Colleague: 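A single structure is presented below for examination.
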Amino acid sequence: MNIDHQLRSEIEAAVVALFGQPAQAIQIQPTNQEFEGSHTLVCFPLTKLSKKGPEETARMIGEKLSTGKLVSKFNVVKGFLNLSISDEAWLKVLQELVANPDYGRQPSTGKELMVEYSSPNTNKPLHLGHLRNNFLGYAVAEIYKATGYTVHKVQIINDRGIHICKSMAAWQLFGNGETPESSGMKGDKLVGKYYVEFDKAYKSQVKELVAAGRTEEQAEKEAPIMRMAVDLLQKWEAKDKDTVDLWKTMNGWVYSGFDATYRRMGVDFEKLYYESDTYLLGKEEVMKGLASGVFFRKEDGSVWVDLTGDGLDQKVLLRADGTSVYMTQDIGTAILRFRDFPRIEGQVYTVGNEQEYHFKVLFLILGKLGYAWAKKCYHLSYGMVDLPSGKMKSREGTVVDADDLMEEMVTDAAAQTAELGKTEGMSNEEIASLTEMIGLGALKYFLLKVDPKKRMLFDPNESISLQGHTGPFIQYTHARIRGMLRKANLNTGDRLTVTDYPSGLHELERNVIIRLSQYPSKLEEAAREYSPAIVANYVYALAQDYNQFYQSIPVLQETDAGKRGMRLAFSKATADVIRSGMRVLGIGVPDRM
RNA sequence: GGUCCGGUAGCUCAACUGGAUAGAGCAUCAGCCUUCUAAGCUGACGGUUCGGGGUUCGAGUCCCUGCCGGAUCACCA
């Protein structure tokens with residue numbers, strides 16, 4: 001039973017009965033804390049129908065509604081009709097959600113969606129920005145799963161091009177055969193190190209050349225190490241065996257390094273797309289578009305798309321020498337994905353907001369090529385994570401490394417856990433897995449609670465808190481409930497039941513039930529808005545509501561069996577919704593902490 | 001310069017898409033552990049929602065305008 005829908009239809013009926021015609025829009029909102037009731041009908045818009053003042057209109061509707069079984073009480077403040085739902089109705093809601101461990105999750109609708117996230121460059125280790133990207137993409141995918149979609153998580157691996165050749169060149173020059181095994185470094189860190197080496201050597205070579213009288217531009221082209229990288233790129237494109245072997249080896253190092261990071265982050269991918277596999281397809285598609293007149297060729301041989309009709313510019317798709325650009329590859333990749341997964345209705349691209357223009361153009365082009373699904377492609381654009389000093393700059397060494405940050409979070413969590421004396425009676429393994437859960441939970445929640453499209457601030461000097469509006473607060477609420485349920489079963493074999501509740505619900509109990517009833521619609525809203533923050537803030541509010549109840553109303557001490565059973569039941573329901581909500585955010589919840 | 005995004009308590013963020021006296025957390029201060037886990041709870045303090053106009057019963061939210069910050073406007077990815 002869905003209270004919202006039921007109430008809405010009763011109000012619609014009441015309006016017709018009272019004023020002779022249906023209202024265009026019924027506006028229901030949650031009642032403010034300070035007033036009695038849970039649902040509020042905004043009556044100002046209805047005065048046109050009623051031809052009465054807002055208060056009189058509200059009173060009339062209120063009286064009509066309270067003749068039914070759903071609404072038990074009402075009060076009118078200005079034009080706001082505050083409605084109290086009967087306890088019987090709330091208990092029925094509770095009954096249903098207690099019986100359903102998957103409450104809130106929709107059964108499969110048969111719809112499919114693809115979500116791309118992560119897609120890092122292979123020359124640098126993952127950093128804080130990637131964490132936001134990964135957690136967001138993963139969570140959006142899980143939210144869609146919860147609303148009945150089959151979701152395919154993918155990423156595109158940018159394994160081709162000059163950047164990887166730079167690392168290769170530097171490794172050949174300075175590496176002395178160093179490997180992840182010989183150095184004990186993670187593969188991505190090792191390759192990243194040589195990318196930095198390249199940059200250093202390159203800069204000093206440019207400086208020397210400029211000192212020797214070259215112009216800046218000449219020097220940048222002539223620097224020996226850059227020539228070497230370009231040479232490697234050409235050899236790679238010509239499929240020179242040694243070069244391809246080195247490329248494979250070094251990319252392999254990066255992948256195994258990334259894999260370790262992804263594993264700790266708890267994210268996964270169904271399929272990986274490699275740019276080295278897909279970039280040629282983009283060219284073909286562009287050539288087809290050229291043939292069909294969607295694109296045009298300039299005198300120098302380069303191929304362009306004209307978007308001036310859409311308020312944008314002209315955009316190059318193939319260079320004069322026939323090589324492809326970023327856009328070309330993305331066209332190819334998008335089309336390939338719809339071939340691989342013909343049932344998906346669209347794609348979500350989790351990519352930073354600095355690429356908004358790029359995706360606007362990409363979707364327009366795909367539409368022009370005649371792909372109807374282009375309309376269902378969505379750029380999940382998110383803001384940068386800034387440091388107090390501004391943007392992260394690798395040059396200034398202010399990049400916050402993903403592995404380091406996760407490790408720090410877990411270390412902090414372990415320290416606080418020990419300090420609070422929570423580790424008593426736990427094995428080392430249990431402690432390790434608990435602190436991992438808390439540290440990563442704090443980090444993920446911190447990054448997910450903010451509206452994705454907003455920029456956010458991270459202060460590395462101030463460790464992420466474990467108190468207040470945080471992941472661990474919610475995890476703790478869950479652990480407390482589980483502890484209580486353990487005790488209940490152990491001690492008395494209590495059954496969870498909502499029958500026989502003798503007296504009226506306490507306000508604090510009702511608040512929790514009302515909050516629980518909102519979970520499914522919050523998931524839907526989060527999917528519609530592509531915003532895990534909506535789930536994050538909802539679960540927090542639920543934990544807050546529950547904690548208020550918990551501190552002032554006894555459960556296990558309650559002697560009345562009916563009350564006790566009901567309170568246990570909705571405590572269990574709360575724990576389940578917390579677990580479910582945190583799960584779509586990729587955050588685990590412990591049974592004790 | 002054009003386009004897009006943002007500006008809410010000292011700080012970090014909310015505000016159900018136009019609703020009531022703008023809410024949480026952190027920080028500060030004052031309380032609550034012989035009752036189910038104090039990573040918790042209660043209270044206090046804290047606001048010209050960047051400024052100025054407008055639209056209407058009603059504006060943080062919509063429109064205009066100005067200011068500040070960011071992104072973007074590459075034959076880079």
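So that the names make sense, note that chain A is the first sequence line, chain B the second, and so on, each numbered from 1. As the structure is a prediction and not an experimental result, all values here were calculated from the model.
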Colleague: If you only use heavy atoms from C-beta on, which nucleotide in rA20(B), rC36(B), rA77(B) is closest to the side chain of F35(A)?
Modeller: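 Nearest to the side chain of F35(A) among the choices is rA20(B).
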Colleague: D313(A) has a side chain; which of rC73(B), rG25(B), rG19(B) sits nearest to it?
Modeller: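 Looking only at side-chain atoms, D313(A) lies closest to rC73(B).
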Colleague: Could you name each residue pair satisfying salt bridge (Lys or Arg N to Asp or Glu O under 4.0 Å) that touches residues 308-318 of chain A, not counting sequence neighbours?
Modeller: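 For residues 308-318 of chain A, and leaving out neighbouring residues, the salt bridge (Lys or Arg N to Asp or Glu O under 4.0 Å) pairs sorted by first residue read D310(A)-K368(A).
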Colleague: Only pairs at least two apart or in different chains count here, so list each salt bridge (Lys or Arg N to Asp or Glu O under 4.0 Å) that has a residue in residues 34-52 of chain A.
Modeller: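 Residue pairs with at least one partner in residues 34-52 of chain A: E36(A)-K73(A).
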Colleague: Closest approach to the side chain of Q29(A), judged atom by atom: which nucleotide of rA20(B), rC36(B), rC75(B) is it?
Modeller: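 The closest nucleotide is rA20(B).
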Colleague: With a 4.0 Å limit, can you tell me whether R480(A) has a side-chain N or O closer than that to the phosphate oxygens OP1/OP2 of rA38(B)?
Modeller: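 Indeed, a polar side-chain atom of R480(A) lies that close.
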Colleague: Just to be sure I understand the rule, does E558(A) reach a base, reach only the sugar-phosphate, or reach nothing, if contact means heavy atoms closer than 4.0 Å?
Modeller: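 Since no nucleic acid heavy atom lies under 4.0 Å of E558(A), the category is nothing.
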Colleague: Checking E55(A) now: which residues fulfil salt bridge (charged side-chain N to carboxylate O under 4.0 Å, His left out) with it, not counting sequence neighbours?
Modeller: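 Checked E55(A) against salt bridge (charged side-chain N to carboxylate O under 4.0 Å, His left out); zero matches.
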Colleague: With a 4.0 Å cut-off on heavy atoms, is L457(A) in touch with a base, just the backbone sugar-phosphate, or nothing at all?
Modeller: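 Sugar-phosphate only.
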Colleague: What do you reckon, is CZ of R592(A) surrounded by more than 12 foreign heavy atoms closer than 6.0 Å?
Modeller: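 No, CZ of R592(A) has 12 or fewer neighbouring heavy atoms, counting only those of other groups under 6.0 Å.
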Colleague: Which part of the nucleic acid does Q518(A) contact within heavy-atom distance under 4.0 Å: base, sugar-phosphate only, or nothing?
Modeller: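 Nothing: the residue Q518(A), judged by heavy atoms under 4.0 Å, touches no strand.
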Colleague: Is any side-chain N or O of N82(A) under 3.5 Å from a base N or O of rA20(B), one able to act as donor and the other as acceptor?
Modeller: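 Side chain to base: pair found, below 3.5 Å.
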Colleague: Taking salt bridge (charged side-chain N to carboxylate O under 4.0 Å, His left out) as the test, write out the residues that go with D591(A), two or more places apart.
Modeller: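 Applying salt bridge (charged side-chain N to carboxylate O under 4.0 Å, His left out) to D591(A) gives R482(A).
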Colleague: Under 4.0 Å, counting only non-hydrogen atoms across every strand here, what does A541(A) touch: a base, just sugar-phosphate, or nothing?
Modeller: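 It contacts nothing in the nucleic acid.
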Colleague: If a protein heavy atom is under 4.0 Å from the base, mark B; if only from the sugar-phosphate, S; if neither, -; do that for nucleotides 2-7 of chain B going 5' to 3'.
Modeller: --S-SS
Colleague: With side chain to side chain contact (heavy atoms under 4.5 Å, CB included) as the test, pick out the partner of I26(A) among L41(A), V42(A), L7(A).
Modeller: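 Single pass found, and it is L41(A).
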Colleague: If you check every side-chain atom of T417(A), which of rA39(B), rC13(B), rG19(B) has the closest atom?
Modeller: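 The answer is rA39(B), which lies nearest to the side chain.
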Colleague: Tell me whether the count of non-hydrogen atoms from other residues, nucleotides or ligands lying under 6.0 Å of NZ in K221(A) goes above 12.
Modeller: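 No - once you tally the heavy atoms of other residues, nucleotides and ligands closer than 6.0 Å, there are 12 at most.
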Colleague: Taking rG1(B) as the reference, what is the distance to rA44(B) when you measure between their P atoms (whole Å, please)?
Modeller: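 Here rA44(B) and rG1(B) have their P atoms 48 Å from each other.
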Colleague: If you look at every strand shown and take non-hydrogen atoms under 4.0 Å, does L434(A) touch a base, only sugar-phosphate, or nothing?
Modeller: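 L434(A): no heavy atom of the nucleic acid under 4.0 Å.
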Colleague: Can you list the residues that meet the side chain to side chain donor-acceptor pair (under 3.5 Å) rule with Y326(A), with sequence neighbours excluded?
Modeller: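 Only Q355(A) meet the side chain to side chain donor-acceptor pair (under 3.5 Å) criterion with Y326(A).
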Colleague: Please classify the nucleic acid contact of E354(A) as base, sugar-phosphate, or nothing, using heavy-atom distances under 4.0 Å.
Modeller: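 Counting heavy atoms under 4.0 Å across all strands, the contact made by E354(A) is with sugar-phosphate only.
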Colleague: Taking any strand in view, what nucleotide pairs with rA24(B) in a Watson-Crick or G-U wobble way, both distances under 3.5 Å?
Modeller: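 Base partner found: rU12(B).
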Colleague: Counting any heavy atom closer than 4.0 Å, what does T323(A) reach on the DNA or RNA strands: base, sugar-phosphate only, or nothing?
Modeller: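 Here T323(A) touches no strand at all.
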Colleague: Please measure how far the C1' atom in rC11(B) lies from the corresponding atom in rC75(B), and state the result in whole Å.
Modeller: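 Nearest-Å result for rC11(B) against rC75(B) at atom C1': 46 Å.
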Colleague: Only counting residues at least two apart or in another chain, list the ones meeting salt bridge (charged side-chain N to carboxylate O under 4.0 Å, His left out) with D277(A).
Modeller: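 By the salt bridge (charged side-chain N to carboxylate O under 4.0 Å, His left out) rule, D277(A) matches no residue at all.
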Colleague: Does the structure place the NZ or CZ of R160(A) under 6.0 Å from the centre of the six-membered ring of Y279(A), at an angle of no more than 45° from the ring's axis?
Modeller: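 Yes, R160(A) and Y279(A) form such a contact.
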Colleague: Any stacking of F44(A) on rG19(B), going by centres under 5.5 angstrom and planes within less than 30 degrees?
Modeller: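 Answer is yes, a stack.
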Colleague: From the options rA71(B), rG40(B), rC75(B), select the nucleotide whose nearest atom is closest to the side chain of N547(A).
Modeller: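 Closest of the options to the side chain of N547(A): rG40(B).
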Colleague: Taking the same atom, P, in rC50(B) and in rG10(B), what whole-Å distance lies between them?
Modeller: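 Straight-line distance between the two P atoms is 13 Å.
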Colleague: Counting heavy atoms from C-beta on, name the nucleotide in rC75(B), rA39(B), rG19(B) closest to the side chain of W304(A).
Modeller: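 Nearest to the side-chain atoms of W304(A), counting from C-beta on, is rC75(B).
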Colleague: In residues 527-536 of chain A, which ones come under 4.0 Å of RNA chain B, going by heavy atoms?
Modeller: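 E529(A), in order of number.
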Colleague: Using a cut-off of strictly less than 4.0 Å between a heavy atom of the residue and any atom of RNA chain B, enumerate the qualifying residues of residues 440-452 of chain A by number.
Modeller: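 Of all residues in residues 440-452 of chain A, the ones placing a heavy atom under 4.0 Å from RNA chain B are V450(A), D451(A).
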Colleague: Can you list the residues that meet the salt bridge (charged side-chain N to carboxylate O under 4.0 Å, His left out) rule with E285(A), with sequence neighbours excluded?
Modeller: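 In terms of salt bridge (charged side-chain N to carboxylate O under 4.0 Å, His left out), with neighbours along the sequence ignored, E285(A) is linked to K288(A), R339(A).
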Colleague: Among rA77(B), rC75(B), rU42(B), which nucleotide has an atom closest to any side-chain atom of N158(A)?
Modeller: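 It is rA77(B).
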Colleague: Keeping to residues at least two apart or across chains, list the salt bridge (Lys or Arg N to Asp or Glu O under 4.0 Å) pairs with something in residues 442-458 of chain A.
Modeller: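 Checked against salt bridge (Lys or Arg N to Asp or Glu O under 4.0 Å) - neighbours excluded - the pairs reaching residues 442-458 of chain A are D386(A)-R455(A), D451(A)-K453(A).
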Colleague: Check if the side chain of T477(A) and the base of rA39(B) share a donor-acceptor pair of N or O atoms closer than 3.5 Å.
Modeller: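 Result: no qualifying N/O pair found.
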Colleague: Taking any heavy-atom pair under 4.0 Å as a contact, classify I481(A): base, sugar-phosphate, or nothing.
Modeller: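 If one applies the 4.0 Å heavy-atom cut-off, I481(A) turns out to touch nothing in the nucleic acid.
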Colleague: Quick one: which of rC36(B), rU21(B), rA77(B) gets closest to the side chain of K487(A)?
Modeller: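 Nearest listed nucleotide: rC36(B).
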Colleague: Choose from rG19(B), rA24(B), rU21(B) the nucleotide whose nearest atom is closest to any side-chain atom of V42(A).
Modeller: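 Side chain of V42(A) sits closest to rG19(B).
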Colleague: Against Y349(A), only a single residue in Y117(A), Y530(A), F363(A) fulfils ring pair (Phe, Tyr, Trp, His ring centres under 6.0 Å); can you say which?
Modeller: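 Result for ring pair (Phe, Tyr, Trp, His ring centres under 6.0 Å) with Y349(A): F363(A).
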Colleague: If rU72(B) has a Watson-Crick or G-U wobble mate with both distances under 3.5 Å, name it; if not, just say none.
Modeller: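 Paired with rG2(B).
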Colleague: So, does the side chain of T470(A) form a donor-acceptor pair with the base of rA39(B) at under 3.5 Å?
Modeller: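 By the distance-only test, no, there is no pair.
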Colleague: Can you tell me which nucleotide in rC73(B), rC76(B), rU37(B) comes closest to the side chain of Y357(A)?
Modeller: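 Comparing rC73(B), rC76(B), rU37(B) against the side chain of Y357(A), the answer is rC73(B).
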Colleague: Output every pair passing salt bridge (Lys or Arg N to Asp or Glu O under 4.0 Å) with a member in residues 521-543 of chain A, not counting sequence neighbours, ordered by first then second residue.
Modeller: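 Every pair satisfying salt bridge (Lys or Arg N to Asp or Glu O under 4.0 Å) with a residue in residues 521-543 of chain A: K522(A)-E525(A).
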